Amino acid sequence: MGPILQTGLPLVGAPLSCGEDLERFAAMLLEKNQVMNLTAITEPDQVATLHLLDSLAVWQGADLSGKSVIDVGTGAGFPGVPLKIAHPDLRLTLLDSLNKRVDFLREVCEALSLTHVDCVHGRAEEFAADHREQYDAAVSRAVANLRTLSELCLPLVKVGGVFLAMKSTDCEEELEAAKPAIKLLGGKTERVVDYTIPTTEVVHRLVVIRKLSPTPAKYPRRFAQMKKQPL
Ligand code: SAM
């Protein structure tokens, strides 16, 4: 890793002491990426900004201290793993439908002695059958458009909890199109937060969706159905 995390760069509400573990995670990611497709971003400084610091920005959408959080479609661990490293009191579930990625996440958790992390191989729409409305928060980045993503994530969130969708700033239309789905699933968009990733000019957006009422039992549907007839 370059010196970027070690030079006092703002870690957005996270203790500077977590920089070392973030760097170890980044090093594991880049090493494993040589034998497995985990990320298209391979420049260490870009891993630091576009993966690590971008993930940490989730805190600007909600303070998740001590909360149970599920990262839906976490891939190589974004945003969940950096959040857990920076905020060890999170109770985290990392969910992904690709087993090899989940195996990598298990290695990361062991190497970094991360506790209270469940690494789960599964599909969100199936996982919801046994884990309905069990999480204080769901987070997700780069998994699906907001209509579909809401159907994957909102059923997992407790009433009163929050779903944080990480999006780009050009998501106005996507947000508008997802409004009926979000409402139907028991949610309401509370606010959007645009943030600049520290040390870059890259601006991303957090869509903060509050769960106001239970999700009707028929959701989530099977994935094929979601694709065919998005809410
Ligand atoms: N969130 C990570 C990130 O931002 O780097 C990974 C994004 S990657 C483009 C999308 C990930 O979502 C893949 O690892 C894929 O296996 C997973 N995925 C897609 N649909 C899913 C579903 N229905 N349930 C669980 N995981 C899913």
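Whatever order the structure lists them in is the order used to number ligands and atoms, beginning at 1. This structure is a prediction, so every number in the text was calculated from the model and none was measured.
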the protein heavy atom lying closest to atom 10 (C) of ligand 1 turns out to be A142 O, 3.5 Å
### Message
With no hydrogens and no angle check, just 3.5 Å: does a side-chain donor-acceptor pair link H121 and R106?
### Response
no
Across all chains, not counting sequence neighbours, the side chain to side chain donor-acceptor pair (under 3.5 Å) partners of K183 are none
Open item on the list: Taking distance alone, with N or O pairs closer than 3.5 Å, would you say D71 contacts ligand 1?
Closed with: no
Contact region, T74 to ligand 1, non-hydrogen atoms below 4.0 Å, reads backbone
| Under 4.5 Å between side-chain heavy atoms, hopping through other hydrophobics if needed: is there a path connecting V108 to L83? | yes
Q134 meets the side chain to side chain donor-acceptor pair (under 3.5 Å) criterion, sequence neighbours left out, with none
- D103 with K100: basic N within carboxylate O range, under 4.0 Å: no
Worksheet item: Is the closest heavy atom of P79 to ligand 1 under 4.0 Å?
Response: no
Atom 19 (C) of ligand 1 sits nearest the protein heavy atom V143 CG1, 3.9 Å
Atoms of ligand 1 under 4.0 Å from any heavy atom of R101, numbered from 1 in the order shown, are 13 (C), 14 (O)
For ligand 1, which is the ligand I care about here, please tell me if F78 has any N or O atom under 3.5 Å from one of the ligand's N or O atoms.
yes
The closest protein heavy-atom partner of atom 5 (O) of ligand 1 is R141 NH2, 3.2 Å
re atom 25 (C) of ligand 1, the protein heavy-atom contact at minimum distance is G122 O, 3.4 Å
Ligand 1 atoms nearer than 4.0 angstrom to some heavy atom of R123 are 22 (C), 23 (N), 24 (N), 25 (C)
Taking only non-hydrogen atoms of A124 and a 4.0 Å limit, the atoms of ligand 1 in range are 22 (C), 23 (N), 24 (N), 25 (C)
Going by the 4.0 angstrom heavy-atom rule, the piece of E125 near ligand 1 is side chain
ask   = Under 4.5 Å between side-chain heavy atoms, hopping through other hydrophobics if needed: is there a path connecting M166 to I70?
value = no
If you group Ile, Leu, Val, Met, Phe, Trp and Tyr by side-chain heavy-atom gaps below 4.5 Å, do L175 and L184 land in one group?
-> yes
For atom CD of E43, is the number of surrounding heavy atoms from other residues, nucleotides or ligands below 6.0 Å larger than 12? no
Quick check: is V159 connected to L156 through a chain of hydrophobic side chains (ILVMFWY, heavy atoms under 4.5 Å apart)? no
Check the orientation of W59 and H87. Use parallel for under 30°, tilted for 30 to 60°, and perpendicular for over 60°.
parallel
Purely on distance, is any nitrogen or oxygen of A76 under 3.5 Å from one on ligand 1?
no
A student checking ligand 1 against G75 at a 4.0 Å heavy-atom cut-off should list atoms 6 (C), 14 (O)
min-distance protein heavy atom vs atom 12 (O) of ligand 1 -> G73 CA, 3.4 Å
Closest to atom 18 (N) of ligand 1 among protein heavy atoms sits S97 OG, 3.5 Å
Does E151 use its side chain to pair, donor to acceptor, with the backbone of F223 at less than 3.5 Å?
no
Heavy-atom proximity to atom 14 (O) of ligand 1 ranks first, among L38, D96, V102, for D96
